[in-house]
2 protein chains.
Amino acid sequence: MPEDNKLLYYINKWTSISEADEAKILSAFEPISIKKRKDLLVSGQVCNYLYFITTGCLRSSYIDSKGAEHVYQIRMDNNWIGDIDSYFTRQNSKYTIEALEDSNLLRISVDRLEQLFVEIPNLERYFRILFQKAYINALNRLSATMWETAIDRYNEMLKEHPEIFQRVPLVHIASYLGITPESLSRIRRQV
Amino acid sequence: MPEDNKLLYYINKWTSISEADEAKILSAFEPISIKKRKDLLVSGQVCNYLYFITTGCLRSSYIDSKGAEHVYQIRMDNNWIGDIDSYFTRQNSKYTIEALEDSNLLRISVDRLEQLFVEIPNLERYFRILFQKAYINALNRLSATMWETAIDRYNEMLKEHPEIFQRVPLVHIASYLGITPESLSRIRRQV
DNA sequence: TCAAACACTTGACCTATGGTAAGAAATAAA
DNA sequence: TTTATTTCTTACCATAGGTCAAGTGTTTGA
């Protein structure tokens with residue numbers, strides 16, 4: 001499958017888009033590249049784009065009131081990243097999104113996306129399903145965080161997303177799991 | 001505002017529906033009542049309906065692998081409740097939804113809802129926005145659970161949803177906050 | 001190529017919250 | 001009104017995970 005068709009492939013997994021509309025969608029996205037350790041979004045700015053990761057790996061994090069940094073999301077190939085709250089409301093974001101690897105992305109502005117929603121109802125359907133699934137995942141992660149041990153969460157992540165352990169430093173994985181790197185280190189020794 | 005128009009009022013807050021379509025939507029929902037302490041959904045069943053709460057209060061909970069019950073959601077007037085994962089996938093739900101007060105609901109089946117999505121794209125838009133917001137909320141709750149103290153979460157909830165404390169037993173609130181009723185009790189004494 | 005920065009581990013100690021058990025207060029039922 | 005049930009609090013001890021501090025490899029970049 002050609003690089004720039006991955007996006008359409010994933011959209012068509014959940015709804016059907018005509019060839020004419022496919023072209024319209026592709027032309028609305030702008031391909032960009034970002035180098036490892038560079039920021040895609042800096043806390044305090046408005047998130048002007050929503051990004052589809054064609055290749056690479058990024059993390060989204062924020063600084064809490066005590067100055068501690070927490071990793072919110074780690075996203076790799078064929079996933080979306082951005083702060084959708086800031087993106088749709090035009091409020092400043094509290095998140096910083098940093099590339100953990102050199103990455104290639106497709107980006108789209110809100111105006112362009114909302115225009116597409118009107119022109120192509122099935123694209124809005126795709127996003128309805130996307131957010132629906134994201135919501136379900138967030139609730140599952142929430143219940144694991146609230147009511148399972150760090151060991152269980154670690155094992156679950158190892159089973160579900162083994163690639164992440166090959167590509168992402170453990171500090172970020174620990175933070176994503178809601179524990180310190182020290183605790184993660186102890187868990188890994190135990191297992 | 002008449003009881004049965006609240007649903008349309010909330011939908012029209014985020015998108016615009018024609019009068020003809022409003023009638024179509026209303027006729028697709030079936031009003032039902034449920035008594036306090038009765039179950040709307042029992043764990044192990046498929047969630048056949050999505051519910052809009054016109055008046056009342058319900059909680060959604062699940063039993064973990066160690067047999068402990070955890071409260072997932074507490075929802076009151078003018079909110080949606082149901083297990084959307086089970087609802088859309090037709091898999092058995094792990095959740096039980098119980099009425100905490102005598103409640104009046106409007107329910108709709110998936111078939112009917114998906115039919116409406118095709119007929120009324122703006123209704124699907126409403127759900128896109130609904131899930132988008134639900135996702136953002138779930139992430140905020142996740143970060144509070146992971147990185148804030150139980151005291152902060154309690155104060156936040158007291159500030160944002162004081163009504164809940166008037167209407168819901170503290171056991172359920174404690175569970176929703178991810179702590180034991182004993183801990184909640186200690187926090188309340190402290191504050 | 002060599003210093004600086006990063007990534008990971010280990011140990012000693014601390015703290016927020018959990019578990020258990022029991023009793024008081026409030027609410028519902030008879 | 002009396003009894004039963006639910007709701008909430010308190011006390012004591014246990015523990016998962018955090019904090020601080022130090023140390024070893026491993027990248028990175030000038």
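Not measured: the values here are computed from a predicted model. The basis for the numbers below is simple: all heavy atoms, side chains too, and nothing from hydrogens, waters or symmetry mates. Proteins come first, then strands; the chains are lettered A, B, ... in the order of their sequence lines, and each starts at number 1.
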A.B. asks: Just how far, in rounded Å, is C1' of D:dG29 from NZ of A:K38?
C.D. replies: 13 Å
A.B. asks: Does the ring centre of A:F165 sit less than 6.0 Å away from the ring centre of A:Y154?
C.D. replies: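 Yes; A:F165 has its ring centre under 6.0 Å from that of A:Y154.
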A.B. asks: Which residue pairs pass the salt bridge (charged side-chain N to carboxylate O under 4.0 Å, His left out) test when at least one of the two sits in residues 162-184 of chain B, sequence neighbours left out?
C.D. replies: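 Only B:D77-B:R167, B:E101-B:R167 qualify under salt bridge (charged side-chain N to carboxylate O under 4.0 Å, His left out).
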A.B. asks: Shoot me the first and last contacting nucleotide of DNA chain C against chain B, ordered 5' to 3', at under 4.0 angstrom to non-hydrogen atoms.
C.D. replies: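 First and last nucleotides in contact are C:dT17 to C:dA21.
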A.B. asks: Stepwise, does the side chain to side chain contact (heavy atoms under 4.5 Å, CB included) test hold for A:I53 with A:N78?
C.D. replies: CA-CA 5 Å; A:I53 307 167; A:N78 304 319; over 6 Å; no
A.B. asks: Does B:D21 have any side chain to side chain donor-acceptor pair (under 3.5 Å) partners at least two apart in sequence or in another chain, and if so, which?
C.D. replies: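 Partners of B:D21 by the side chain to side chain donor-acceptor pair (under 3.5 Å) criterion, ordered by chain and then number, come out as B:S18.
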A.B. asks: For B:D39, check side chain to side chain donor-acceptor pair (under 3.5 Å) against everything at least two apart and list the hits.
C.D. replies: none
A.B. asks: Under 3.5 Å, which donor-acceptor pairs do the side chains of residues 59-67 of chain A form with other protein atoms, sequence neighbours left out?
C.D. replies:
| unit_1 | atom_1 | unit_2 | atom_2 | d |
| --- | --- | --- | --- | --- |
| A:R59 | NE | A:E98 | OE1 | 2.7 |
| A:R59 | NH1 | A:E69 | OE1 | 3.1 |
| A:R59 | NH2 | A:E98 | OE1 | 3.0 |
| A:D64 | OD1 | A:K66 | N | 2.8 |
| A:D64 | OD1 | A:G67 | N | 3.0 |
| A:D64 | OD1 | A:A68 | N | 3.0 |
| A:D64 | OD2 | A:H70 | NE2 | 2.8 |

A.B. asks: Output side-chain donor-acceptor pairs under 3.5 Å for residues 105-119 of chain B, partner residues at least two apart or in another chain, one line each.
C.D. replies:
| unit_1 | atom_1 | unit_2 | atom_2 | d |
| --- | --- | --- | --- | --- |
| B:R107 | NE | B:E30 | OE1 | 3.1 |
| B:R107 | NH2 | B:E30 | OE1 | 3.1 |
| B:R107 | NH2 | B:E30 | OE2 | 3.3 |
| B:R107 | NH2 | B:Y49 | OH | 3.4 |
| B:S109 | OG | B:R112 | N | 3.3 |
| B:Q115 | NE2 | B:E119 | OE2 | 3.4 |

A.B. asks: Rounding to a whole Å, what distance do you find between A:L100:CG and D:dT27:P?
C.D. replies: 16 Å
A.B. asks: Charged N to carboxylate O under 4.0 angstrom, A:E124 versus B:R125?
C.D. replies: yes
A.B. asks: Are any of A:T180's side-chain N or O atoms less than 4.0 Å away from OP1 or OP2 of D:dG17?
C.D. replies: no
A.B. asks: Rounding to a whole Å, what distance do you find between A:D64:CG and D:dG18:P?
C.D. replies: 13 Å
A.B. asks: Under the side chain to side chain contact (heavy atoms under 4.5 Å, CB included) criterion, do B:V42 and B:I97 qualify, and how do the steps go?
C.D. replies: CA-CA 7 Å; B:V42 174; B:I97 299 177; over 6 Å; no
A.B. asks: Go through the structure and list residues passing side chain to side chain donor-acceptor pair (under 3.5 Å) with A:Y95, not counting sequence neighbours.
C.D. replies: A:Y72
A.B. asks: Apply side chain to side chain donor-acceptor pair (under 3.5 Å) to B:N12 and list each qualifying residue two or more places apart in sequence or on a separate chain.
C.D. replies: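 B:N12 satisfies side chain to side chain donor-acceptor pair (under 3.5 Å) with B:E22 only.
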A.B. asks: Between the axis at one end of the helix from C:dT1-D:dA30 to C:dA30-D:dT1 and the axis at the other (five pairs apiece), what's the angle to 10 degrees?
C.D. replies: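 The value is 50°.
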A.B. asks: Please evaluate residues A:T55 and A:N104 with respect to the criterion side chain to side chain donor-acceptor pair (under 3.5 Å), reporting the C-alpha separation (whole Å), side-chain torsions for both, the decisive distance (0.1 Å), and the verdict.
C.D. replies: CA-CA 5 Å; A:T55 59; A:N104 295 302; 3.0 Å; yes
A.B. asks: Would you kindly give the NE2-to-P distance between A:H70 and D:dG18, to the nearest whole Å?
C.D. replies: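 Going from A:H70 (NE2) to D:dG18 (P), I get 11 Å.
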A.B. asks: How many Å lie between CD on B:E101 and C1' on D:dT6, as a whole number?
C.D. replies: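 Interatomic distance, CD of B:E101 to C1' of D:dT6: 16 Å.
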A.B. asks: Only counting residues at least two apart or in another chain, list the ones meeting side-chain contact (heavy atoms from CB on, under 4.5 Å) with B:I84.
C.D. replies: A:Q132, A:Y135, A:I136, B:L50, B:F88, B:F131
A.B. asks: Mark up nucleotides 7-13 of chain D, 5' to 3', with B wherever a protein heavy atom is under 4.0 angstrom from a base atom, S wherever such an atom reaches only the sugar-phosphate, and - elsewhere.
C.D. replies: SSBBBB-
A.B. asks: Looking at DNA chain D, which of residues 146-159 of chain B put a heavy atom within less than 4.0 Å of it?
C.D. replies: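 Contacting residues: none.
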